[in-house]
Number of protein chains: 2
Amino acid sequence: MARTQGSRADITGPLIRDEALRLFARQGYAAVSMRQIASAVGVQAGALYAYTPDKQALLLDLLESHMQELLAAWKDIPGDPLARLERFVRFHIDTSLDHPDAVFLSYMELRNLTPENFARIADLRNRYEARLSAILRDGVAAGMMQIDDVKLTTLALIAMLTGVTNWYREGGRLDRRRIGEIYWGLVRGAVRAV
Amino acid sequence: MARTQGSRADITGPLIRDEALRLFARQGYAAVSMRQIASAVGVQAGALYAYTPDKQALLLDLLESHMQELLAAWKDIPGDPLARLERFVRFHIDTSLDHPDAVFLSYMELRNLTPENFARIADLRNRYEARLSAILRDGVAAGMMQIDDVKLTTLALIAMLTGVTNWYREGGRLDRRRIGEIYWGLVRGAVRAV
DNA sequence: GTCTATATCATGATAGAC
DNA sequence: GTCTATCATGATATAGAC
């Protein structure tokens with residue numbers, strides 16, 4: 001028995017997520033219509049509702065799976081806090097540049113989440129920040145870093161690293177490896193591990 | 001001769017700008033309706049159009065005057081590059097905390113500007129960043145700082161400093177002076193001026 | 001300068017055919 | 001699973017009275 005007209009359930013779902021992420025990041029959640037997403041996917045607007053109950057659930061899904069992926073991807077290693085910090089810096093930059101749209105969404109569209117959904121994302125974000133805080137604390141304890149305030153330094157460093165997505169362009173003046181080196185130099189100095 | 005009904009031209013203009021800034025920052029440009037702004041001001045939606053030709057012009061006006069104010073407020077001083085850098089750090093943090101909504105808008109709603117309007121804001125932003133780059137270059141020339149890449153370091157530091165608006169809450173654990181100290185410590189280390 | 005009323009259009013979401 | 005058609009709502013912006 002042949003499929004019904006134009007059914008492509010296997011690829012439509014991921015496509016909706018991809019296009020929604022791209023459009024939300026470029027124009028903002030509120031500025032993007034369901035018709036616009038549907039058009040980018042190549043279906044009619046009504047078809048989207050076979051995959052998501054509503055627009056808000058689509059946003060939550062994008063943010064939540066990004067944060068889950070981020071948490072799952074980072075594997076700390078035992079040993080020298082300085083080596084762990086360098087790995088974190090390069091990991092965070094690489095991941096941010098691999099998923100610039102998701103990173104942008106994560107910082108910009110939290111306010112468009114319902115309070116309950118916001119709490120879920122904030123919790124995931126806190127767990128990620130705690131990974132960096134742990135490294136900094138260990139570095140201080142080992143006498144290898146000098147840090148006035150671990151919590152503030154965590155937030156400051158993450159803001160600095162995430163900022164690469166604001167200006168990085170593929171094929172630009174600096175490649176990723178070089179960017180990682182420069183930022184690692186800044187971070188190493190900031191924690192007085194020169 | 002008495003004024004016509006409810007006319008308050010002297011205060012309505014600034015009020016519209018204040019409320020629009022507040023609402024745009026909290027909900028996003030696209031998510032805020034002209035009715036919503038009017039309601040916050042205490043007039044009907046139609047009255048807004050006596051002050052702005054349209055919603056886009058209102059956004060441009062807010063962003064442009066914020067950047068102009070920022071540029072006008074920063075006065076560099078001759079002398080020790082390190083002292084100049086410290087002043088810049090404290091200035092940027094204080095200004096960001098004084099105008100958190102405008103700072104947020106400046107980073108967030110550029111994408112909702114028309115290309116022409118975007119170019120105007122980007123130009124102002126570049127001029128501001130150039131102020132910091134100049135200090136860093138002087139610091140390197142004087143042998144007081146070690147910086148791999150002045151342009152990148154400029155962007156990294158500004159992203160870090162601006163990040164305070166993401167978590168700062170009036171009356172929180174740390175006051176502004178202490179925050180300034182901590183960030184200055186991070187910056188001083190990052191440029192190897194320990 | 002502000003109000004009321006309205007023109008025009010786009011939106012999120014749903015119903016039912018296939 | 002997708003389409004077409006549609007409902008109900010709310011958007012920007014304008015016109016004309018006061």
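Since we're looking at a predicted model, the values are computed, not measured.
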In whole angstrom, give the distance that lies between atom CG of B:L15 and atom C1' of C:dT2.
15 Å
Do B:Y107 and A:F104 have ring centroids that are under 6.0 Å from one another?
no
Would you mind reading off the distance between B:Q27 atom CD and D:dA11 atom P, rounded to a whole angstrom?
11 Å
Starting at CG of B:D94, measure out to NE2 of B:H99 and round the result to the nearest 0.5 Å.
10.0 Å
Check whether any side-chain N or O of B:T12 sits under 4.0 Å from OP1 or OP2 of C:dG1, and answer yes or no.
no
Whole angstroms only, please: what is the OH-P distance between A:Y49 and D:dT4?
17 Å
Could you check whether the rings of A:W74 and A:F91 sit parallel, tilted or perpendicular, using 30° and 60° as the cut-offs?
tilted
A:R173 and B:D149 ion-paired at < 4.0 Å
yes
Once you round it to whole Å, what is the distance between C1' of D:dT2 and CD1 of A:I16?
11 Å
Between CD1 of A:I11 and C1' of D:dG1 the distance, given in whole Å, is 12 Å
From the set C:dC3, D:dA13, D:dG1, return the single nucleotide nearest to any side-chain atom of B:D54.
D:dA13
So, the side chain of A:Q146 versus the backbone of A:R192: is there a donor-acceptor pair under 3.5 Å, distance only?
no
Inter- and intrachain pairs under side-chain hydrogen bond (donor to acceptor under 3.5 Å, both in side chains), touching residues 57-66 of chain B, at least two apart
B:R17-B:D61, B:R17-B:S65, B:E64-B:R120
For B:L48 and D:dT14, give me the distance from atom CG to atom P, rounded to whole Å.
13 Å
Look at the side-chain N and O atoms of B:Q44 and state whether any lies under 4.0 Å from the OP1 or OP2 oxygen of C:dT4.
yes
Grab the N/O contacts between the protein and nucleotides 6-11 of chain C below 3.5 Å, and write none if there aren't any.
from: C:dT11; atom 1: OP1; to: A:S33; atom 2: OG; distance (Å): 3.3

